[in-house]
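Heads up, the thing below is written out as structure tokens.
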Amino acid sequence: LHGATASGKTHIYASIIQDIILQNGQVLYLVPEIALTTQLVKRLSILFGNVSVYHSKFNPAERIETWLHVASGKANIIIGARSALFLPFTNLKLIILDEEHDSSFKQSETNPKYHARNVAQYLAHLHSSKVLLGSATPSFDSYFLAKKGKIGLVTLQERYFENEKPEIKLIKLDSKTLPPHGMSDALLDNINLQLKEKKQSILFYHRRAFAPYIVCTQCEWVPYCKHCDIALNYHKWSNDLKCHICGYKQNIPKKCPACANTYIIQKGIGTERIEEDTQIIFPEATIARMDQDTTRQKNSHEKILAKLEEGELDILVGTQMVTKGIDTNNVNLVAVLNTDVLFHFSDFRAKERAMQLLLQVMGRAGRRNQRGVVVLQAYNIHNEYIKSLDNFDFKELFDKEIIERNLFNYPPFSKLIIIQLKHKELEVVEEAALSMAAGLKEKYKDAILGPAEPHISKVKNLFLRDIMVKINPNTYHIDLIKEDIFIVAKKITQYEKYRQVSIVYDVDPY
Ligand SMILES: [Zn+2]
Ligand SMILES: [Zn+2]
């Protein structure tokens with residue numbers, strides 16, 4: 001369901017749910033962010049009465065309750081995050097994945113690594129039920145399947161925006177004049193204007209913490225995590241340095257351990273810094289921040305959203321979270337502080353994701369009877385993608401991108417699997433990865449890439465090496481590939497030396 005407005009889609013979902021309830025079937029309704037369940041539960045409860053909710057922020061007792069309720073067949077509508085896919089359904093008839101393009105549907109941190117979209121399809125196959133994917137900006141994988149006729153496609157022929165499209169203001173950044181907080185004078189003027197008119201603003205930045213790292217001004221020493229190959233982030237509120245991968249913390253050194261210089265400065269910015277500086281610039285404004293650090297506790301995310309919706313906030317600063325599911329009347333300005341960086345992430349989906357994000361952002365500004373403003377700060381204002389936002393056409397973007405994917409044999413034209421090997425000794429993991437790659441190359445030749453050192457090459461004291469399998473699923477059956485990979489892996493780990501090497505698989509890694 002390639003559907004313009006949020007309300008239009010929800011209306012369709014509701015009418016399909018109605019049919020299934022009448023047949024006594026179960027409906028699983030998946031959302032990418034658990035904070036978004038609150039609004040949805042309210043809406044669906046009014047229509048259908050009892051709605052069950054399931055996600056990882058519930059405590060075990062609450063989860064067991066829902067689990068039993070689903071197992072007994074008494075739960076008809078279950079709203080949840082991706083983990084709800086593993087509930088014991090008895091009569092599942094429909095799985096809805098709303099905002100199906102959202103990368104939160106991919107579990108990429110713990111094992112097993114899976115994509116909710118794939119698991120939903122398999123679960124539906126087991127239950128002979130249906131899957132409904134909904135999005136205003138479909139993932140290219142789903143859209144590709146739809147265009148090939150492998151899955152159905154319904155397009156809501158309305159305009160993308162509920163009302164008038166927001167006005168886009170593109171502001172060119174100049175690193176020489178940009179203040180350390182990353183907000184240009186033009187952006188500050190725009191925020192000020194909203195404050196005067198008692199309207200709300202949302203400021204989006206892709207990174208949390210106060211500063212991504214600190215550095216010695218004399219010898220350029222940067223503190224790294226003891227356990228991972230990554231610089232420690234500076235958090236001002238807790239006044240410490242933290243690893244965003246393993247959670248390791250340490251105090252801020254009073255002097256550089258390398259050269260004893262006492263002048264150590266912060267580099268770069270994060271949402272914490274932006275929040276603080278915005279408060280200094282606009283002392284009268286009520287400001288909140290929404291990122292992983294402020295939403296750790298149960299309901300904290302909902303509380304911030306409620307404050308925004310009730311008009312208690314003037315400015316909300318945040319990471320990706322602020323681009324999702326905010327549905328209030330009064331947000332008039334949405335600003336992206338660094339637009340360029342969205343296009344520079346180093347995987348092949350960067351452009352697809354950047355455009356999805358920017359379109360979501362545009363949808364947040366000025367809903368219902370008022371024309372909002374979207375401020376995009378960028379160093380390269382000639383980026384053709386950013387320029388195309390004004391007269392955006394999803395099909396055009398898709399057609400252009402898909403040619404490039406085909407040219408470089410990226411999904412949906414190929415299947416990617418990352419095999420990651422981990423060991424506490426670098427030499428051991430390097431050797432094991434080399435033999436594993438060699439073993440696979442015997443049969444799969446050029447489809448095996450690497451081993452390579454991943455971007456972050458050490459995590460929690462283990463050294464990492466990646467082997468990438470990039471394969472055309474029409475040439476080899478995916479089950480056969482899986483079998484071969486396991487055979488090779490088993491051979492390697494049979495050697496005493498490699499016994500402790502752990503091997504992790506990530507299918508559709510991006
Ligand atoms: Zn130093
Ligand atoms: Zn770490």
Side-chain angles (χ1 to χ4, degrees), residues 56-57 103-104 106-113 180 205-273 289 291-297 318-321 341 345-347 418-430 432-433 450-467 500-506 509-510:
S56 56
K57 279 205 182 162
S103 54
S104 309
K106 166 82 188 185
Q107 161 63 281
S108 47
E109 270 154 33
T110 52
N111 294 321
K113 296 178 175 168
Y205 195 71
H206 58 282
R207 198 153 42 191
R208 65 193 169 98
F210 195 84
Y213 63 102
I214 60 171
V215 60
C216 167
T217 50
Q218 196 162 293
C219 73
E220 298 197 357
W221 169 83
V222 171
Y224 266 61
C225 176
K226 262 189 174 170
H227 315 290
C228 314
D229 169 34
I230 191 171
L232 292 168
N233 286 257
Y234 169 54
H235 288 253
K236 192 172 179 181
W237 184 78
S238 48
N239 194 32
D240 56 10
L241 299 169
K242 279 189 192 124
C243 171
H244 281 185
I245 293 184
C246 73
Y248 167 78
K249 281 183 226 173
Q250 72 171 51
N251 290 331
I252 295 149
K254 293 203 168 53
K255 58 180 183 192
C256 170
C259 74
N261 170 23
T262 52
Y263 199 51
I264 297 173
I265 57 164
Q266 300 141 21
K267 276 278 179 166
I269 52 168
T271 46
E272 196 187 349
R273 167 84 193 250
R289 169 163 55 96
D291 58 27
Q292 250 191 71
D293 297 315
T294 63
T295 56
R296 247 179 257 282
Q297 275 154 357
T319 52
Q320 199 109 351
M321 283 180 189
V341 77
F345 290 114
S346 62
D347 70 77
I418 288 193
I419 305 170
Q420 186 162 74
L421 291 85
K422 307 181 185 187
H423 193 271
K424 60 182 193 301
E425 282 170 56
L426 179 60
E427 192 198 316
V428 173
V429 76
E430 270 181 339
E453 191 179 326
H455 175 56
I456 298 166
S457 63
K458 185 185 163 201
V459 167
K460 297 179 190 171
N461 293 321
L462 298 173
F463 290 95
L464 314 178
R465 282 297 178 268
D466 283 355
I467 298 167
Q500 297 298 321
V501 173
S502 66
I503 305 177
V504 176
Y505 304 95
D506 193 353
Y510 302 109

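As the structure lists them, so they are numbered: ligands from 1, and atoms in each ligand from 1. Quick note: numbers below take in every heavy atom, side chains included, and nothing from hydrogens, waters or symmetry partners. Since the model is a prediction, treat every value here as computed from it, not as a measurement.
Rounded to 10 degrees, the SG-metal-SG angle spanning C246 and C225 at the Zn ion (ligand 2) equals 110°. One finds an angle of 110° at the Zn ion (ligand 2) between SG on C243 and SG on C228, to the nearest 10 degrees.
Checked by atom type and distance alone, the side chain of E220 never pairs as donor or acceptor with a backbone atom of V222 at under 3.5 Å. Judged purely by atom type and a 3.5 angstrom limit, H235 has no side-chain atom pairing as donor or acceptor with the backbone of W237.
A salt bridge does not link D291 to R296: none of the charged side-chain nitrogens sits closer than 4.0 Å to a carboxylate oxygen. For R208 and E272, the salt-bridge test fails: no basic side-chain N is under 4.0 Å from an acidic carboxylate O.
Under the 4.5 Å side-chain criterion, counting only non-hydrogen atoms from C-beta, I503 is in contact with I419.
Between the side chains of Q107 and T110, at least one donor-acceptor pair of N or O atoms lies under 3.5 Å. With no hydrogens or angles considered, a side-chain donor-acceptor pair links T217 and N261 at under 3.5 Å.
At a cut-off of 2.8 Å, measuring from the Zn ion (ligand 1), the protein N, O or S atoms that fall short of it are C216 SG, C219 SG, C256 SG, C259 SG, waters left aside.
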